[in-house]
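Worksheet: one structure, shown below.
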Amino acid sequence: MATTRRELSARYDAAAVETAIYERWLASGAFTPAPEPPAGAERFVIIQPPPNVTGALHIGHALTATVEDILVRYHRMRGDDTLWLPGVDHAGIAAQFVLDKIIAEEGETRASLGRERYLERMWRFMDETRPVIGMQHRRLGASVDWTRERFTMDPGSARAVRVAFKRLWDAGLVYRDEALVSWCPRCRTTISDLETVHREETGTLWTIRYHLARADGTPDPGRWISVATTRPETILGDTAVAVHPDDERYRDLVGREAILPFLGRRLPIVADPYVDPAFGTGAVKITPAHDPNDYELGKRLGLPVISVLDEEARINAAGGEFVGRDRYEAREAILDRLRDSGDLEDERPHQLMVGHCERCGTVVEPRLSVQWFIHVKPLAERALASVREGRTRIIPDHLEKVYAHWLENIHDWAVGRQLWWGHRIPAWFCPDGHVTVTDAEAGPDACATCECPAAELTQETDIFDTWFSSGLWPFSTLGWPDATPDLARFYPTSVMETAYEILFFWVARMMMLGLFLTDVEPFHTVYLHGIVRDPYGQKMSKTKGNVVDPLAMITEIGADALRLALVSGNAPGVDQRLTQPKLDGGRNFTTKLWNATRFVVGARPEPLAEPGGEASLAERWMRSRMTAAIERATRALDELAPAEYVGAAYEVAWSEYCDWFLELTKVDLRRDDATDADRARTWLTAAELLGDLLRLLHPVVPFVTEEAWTIIAELEPRATRGEPLLIRATWPSPSPRDKEAERDIEALTELIRRIRDLRQAAGAAAGSWLPLELAPVSAEARAIAAGGARYIEALARVRPMNLDATGARPPLVGSATLGMIWFGTDAGERAGDAARVELQGRELSAQVDRLRTLLANDQFTGRAPAAVVVRERARLADLERQLAALEAGE
RNA sequence: GGGCGAUUGGCUCAGUCGGUUAGAGCGCACGGUUCACAUCCGUGAGGUCACUGGUUCGAAUCCAGUAUCGCCCACCA
């Protein structure tokens, strides 16, 4: 692609190049690890949360993928044996939720299709939806190994699930028991506590009279006990009324019976310390089948358990006349009836926390059912120890406390879901009720307990919680339980990166299952990023309409710009607000980088001579600064501080390479006394340093850097050291720092800044040349100024320059290290307002005073580390010299 | 009810091991058609680091308390 400088537009058109570049990367095979790991290479494997198969890329995915891609690209450039394995999660509940809506439009329901046809339909749906996320990740530039892409419903994952469950079963960590679990009446499945979101709502607290029964069971006229409830519809399932044992008001009622409205059931009045006498009336209706507390109390007291709701939360046959009504209709009907009979004593607003299904928002219902549980305590203890003992580190570390707190209070995991889409629990029941668990795909040959043949066994219809298969992700994707080469090569993995939101759902489960099944921590580091919020700090959601669509953003400003906006200035685990100025900033940077490349391309001396001569001060300085940036960026990436890395790379690119180095280079290229060899050397240095810059920036802005790299590589292969593709290029290596050049340029740029400031104060025309007089503070200062004279002249627009001024007149201003300056004309002199000199003098003497006081303090000199004292002494000496020079000039 | 976190220029945020002059971007003011870039360049203003007390030679940083905001967890009808 012969690119001439004319063809390069000042506007960088991301949309036009990004797709093509991704194809080039794919074609190069750069995403896939070499067949054999390079000798001596370190392993770097990143674990990403597999997105939901039905999902579309949202801004959170974009952040996740960006952070991961930065790390992966960096490690690949380092030559590490790097793997980023992509995939999607089958997302049981979420997928069924979506498909149910789709088939509803087709006039079908789950029931009308039946399990088999429903699942066939689901697989067809998967064909449509599965590729979507992948395509979107490509747009973002995710350098994942597509050859290893996995799906949690593929056969390998299915086998891993069976084997994992079998091992848990064999270890006695699985049990089946009746329990009150959270149930979503809309999704018609059990959900875990984690999948329940609690929201505070204003409900009503109703007070209802239960009439007392005489000993013979007939009503005792005029006597009642009043109970308070927020859920009147559940009275149909009441089996007792409870009061506090010490409550004098009810002492004589304990042991008697109340009569349940509508159903006439006789309810014992019991005493139990669980009841809070201060709340409501001090008397509680007990509904063991529909309230966790009541369930516990019912168990303690041996009360009957009567479930009155069906799986869609309608009143069932136990509900008498209310049968078939939805729970809320039933509530209203019951209240109406109580009102009519005068038994509704009171109703008042009441704040309460209500659990909703995370997926569909429906109010969840405690429901009594037989469930599969995993006894997680022993697993949790190991997961806890790994973090406590430092074998797995969580970043940011304060989330370790959150992780620990959750694991310390963990409840057994109800893993069964009454859904169809997912991995069916590999347990079979024989007619005698024995349970057989097997990891064989075909199921058991016979009942494990008795002699029942396979033909008489029926498989459990429940499927697994999606997170059970996700919890196996780090190793199931690599071939576990088989000892595959990939498993040996890439497991345990390195860094697990995700949003802190799924710390419990996923990270803790991967730790628990990973430790149990593989005896090793699945990763050594957990990196958790925060949530991307809208400019007002609100969580983005489709219903609020405040979402930033990453794909639209990519189309508009390019993936690089979006990536940069997402990771810059953002500490781990901290939520961020994504604002338009930030996005603009990302776009501006890509444009800047593009234009720096355009300059280098256009500045090439034609023809290019053989480079020679000694490196200029600017060249030496920039090499040194590049080294500093490389060191800082490398350290940041090794410490998993992506924002720090981006900051280092951004700063060296814009504030040093573009703002100063390229300007200084222009001077070197255009100076009259330069030879062709000098010019060639200067240009080549600029091109090489641009190459380093592109290497450094590639992980965060891979597209524009790759495009620039291609252009530079074609123009001058030496600048890219013959590496044709940036994605496969090596990470830049630091060279020795040149402290002398850094000191000199620092002094020169400071002087230039001061002159520019003066020029503006003097109202000098921007393009005008002013004569400059400089009185150096020392011979060394004179040498520095002389060495950089051409830079001062060009960048401060001063000409002619006298470096040996004597200071007969009051100086305009002093440079920190070089000396006093004057302008040699009246126009310039007008800038010499004494105030400016005085101000600088005041600043200087204030600092000198401060340091003198500090250093005179024995406490400081005696107790502070010697290095600190030495540094402060040196600083004082420097400031004193400046102050003296300033005063001498006056 | 428990736990966690935050509070830094007008805005959004960094801030390493406590080190004396707290940074960036945006915004603001002023100037700019210097042959890479106006999605730009130059210069500048702007902060008692929420408050109170403590530890220390020295605190944005460590400790205690207060206030405000946010988040997570939790079975009180």
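Given the structure is predicted, the values throughout are model-derived calculations rather than measurements. FYI, side chains are in, hydrogens and waters are out, and symmetry mates aren't considered; it's all heavy atoms of this structure. Quick note on labels: first sequence line is chain A, next is B, and so on, each numbered from 1.
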Centroid-centroid under 6.0 Å between A:His350 and A:Phe279 rings: yes
Sugar-phosphate only, base, or nothing, as touched by A:Val574 at under 4.0 Å among non-hydrogen atoms: sugar-phosphate
A:Glu872 (side chain) and B:G19 (base): donor-acceptor pair under 3.5 Å: no
Sugar-phosphate, base or nothing in reach of A:Tyr295, heavy atoms under 4.0 Å: nothing
NZ/NE/NH1/NH2 to OD/OE distance under 4.0 Å, A:Asp560 and A:Arg587: no
Whichever of A:Ala571 and A:Cys658 has its nearest RNA chain B nucleotide further upstream toward 5': A:Ala571
Sugar-phosphate only, base, or nothing, as touched by A:Asp659 at under 4.0 Å among non-hydrogen atoms: sugar-phosphate
N/O donor-acceptor pair, side chain A:Arg11 with base B:U39, under 3.5 angstrom: yes
Under the 3.5 Å Watson-Crick or G-U criterion, the dot-bracket string of RNA chain B, with | for inter-strand pairs: (((((((..((((.....[...)))).(((((.......))))).....(((((..]....))))))))))))....
Touch class at under 4.0 angstrom, heavy-atom based, for A:Ala10 against every strand present: sugar-phosphate
A:Glu408 CD to B:A74 C1', straight-line distance once rounded to whole Å: 15 Å
Sugar-phosphate, base or nothing in reach of A:Arg587, heavy atoms under 4.0 Å: base
Sugar-phosphate, base or nothing in reach of A:Thr229, heavy atoms under 4.0 Å: sugar-phosphate
Sugar-phosphate only, base, or nothing, as touched by A:Arg670 at under 4.0 Å among non-hydrogen atoms: sugar-phosphate
Touch class at under 4.0 angstrom, heavy-atom based, for A:Lys666 against every strand present: base
Touch class at under 4.0 angstrom, heavy-atom based, for A:Gly585 against every strand present: nothing
Euclidean distance for C1', B:A29 against B:G10 (whole angstrom): 13 Å
Sugar-phosphate only, base, or nothing, as touched by A:Pro535 at under 4.0 Å among non-hydrogen atoms: nothing
Any N/O donor-acceptor pair, A:Gln576 side-chain to B:A14 base, under 3.5 Å: no
Near-strand residues of residues 790-799 of chain A, defined as heavy-atom separation under 4.0 angstrom from RNA chain B: A:Arg797
Touch class at under 4.0 angstrom, heavy-atom based, for A:Asp276 against every strand present: base
Cation-aromatic face contact A:Lys666/A:Phe599, 6.0 Å, 45 degrees: yes
Sugar-phosphate only, base, or nothing, as touched by A:Lys401 at under 4.0 Å among non-hydrogen atoms: sugar-phosphate
A:Glu233 with A:Arg327: basic N within carboxylate O range, under 4.0 Å: no
